[in-house]
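Please read the structure below before turning to the comments.
Nothing fancy with the numbering, it's 1 onward along the sequence.
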Amino acid sequence: MDLTREVLEPGHGGYCPMFQAVVELIGRRWTPSVLLRLSQGPARFSDIASTVPGLSDRLLTERLQELETKGFIVRFLENKCIYYQFSELGREMIPSIEALVLFAHKAGPTLHPGDHPGRRTSV
């Protein structure tokens, strides 16, 4: 079965609420950067926060809770420290994250000099 066809072509469903739900979750502000950090292995809150400049503690807490609630990551205690890591389901995203990194390196130079993540530009 060609899932892309099922999701995109009229007459074959044309809309996949599961796809939309995942895209909305992982496409939220800062979530891809959090996922990229976790793709490197387990991390403490402070490790993630220091890797993603501009991400507030409040927003990082929200993103981690969302990802944990949806089953993409797990939280565990080791040596009296709380760590986060991908769940089995979350680990399945790693090839997609790596593909997005490669794409970003190819497409990045085409961005206008004033374009920055989270900044809107007028058209």
(message) Once rounded to the nearest 0.5 Å, what's the spacing between atom OG1 of Thr31 and atom CD of Glu24?
(response)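 Going from OG1 on Thr31 over to CD on Glu24, the span is 12.0 Å.
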(message) Please report the interatomic distance OG(Ser39) to CE(Met93), rounded to the nearest 0.5 Å.
(response)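 Separation between the atoms: 9.5 Å.
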(message) I need the full list of salt bridge (charged side-chain N to carboxylate O under 4.0 Å, His left out) pairs touching residues 50-61, with sequence neighbours left out, sorted by first then second residue.
(response)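 Residue pairs with at least one partner in residues 50-61: Arg58-Glu62.
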(request) Quick one: which residue pairs count as a salt bridge (charged side-chain N to carboxylate O under 4.0 Å, His left out) with a foot in residues 66-83, not counting sequence neighbours? (result) Arg28-Glu66, Arg63-Glu66, Glu68-Arg75
Side-chain heavy-atom pair [X], [Y] within 4.5 angstrom cut-off:
| X | Y | value |
| --- | --- | --- |
| Leu25 | Phe72 | yes |
| Ile82 | Arg44 | no |
| Phe45 | Thr61 | yes |
| Ile97 | Phe86 | yes |
| Leu67 | Tyr84 | no |
| Leu36 | Thr51 | no |

(request) Test Glu98 against Val101 for side-chain contact (heavy atoms from CB on, under 4.5 Å), laying out the working first. (result) CA-CA 5 Å; Glu98 290 170 345; Val101 168; 5.6 Å; no
(request) Evaluate whether atom CD of Glu88 has more than 12 neighbouring non-hydrogen atoms of other residues, nucleotides or ligands under 6.0 angstrom away. (result)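 Atom CD in Glu88 is not packed in, count stays at 12 or less.
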(request) Could you tell me whether a side-chain N or O of Thr69 sits under 3.5 Å from a main-chain N or O of Gln65, the two making a donor and an acceptor? (result) yes
Does [X] share a hydrophobic cluster with [Y], counting links as ILVMFWY side-chain heavy atoms below 4.5 Å and allowing steps through other members?
| X | Y | answer |
| --- | --- | --- |
| Val22 | Val74 | no |
| Ile48 | Leu100 | no |
| Leu64 | Tyr83 | no |
| Ile26 | Leu102 | no |

Nearest non-hydrogen partners of [X] and [Y], listed with the distance:
| X | Y | result |
| --- | --- | --- |
| Ser87 | Gly71 | OG-O, 2.5 Å |
| Val34 | Leu60 | CG2-CD1, 3.8 Å |
| Phe76 | Pro42 | CZ-CB, 4.0 Å |

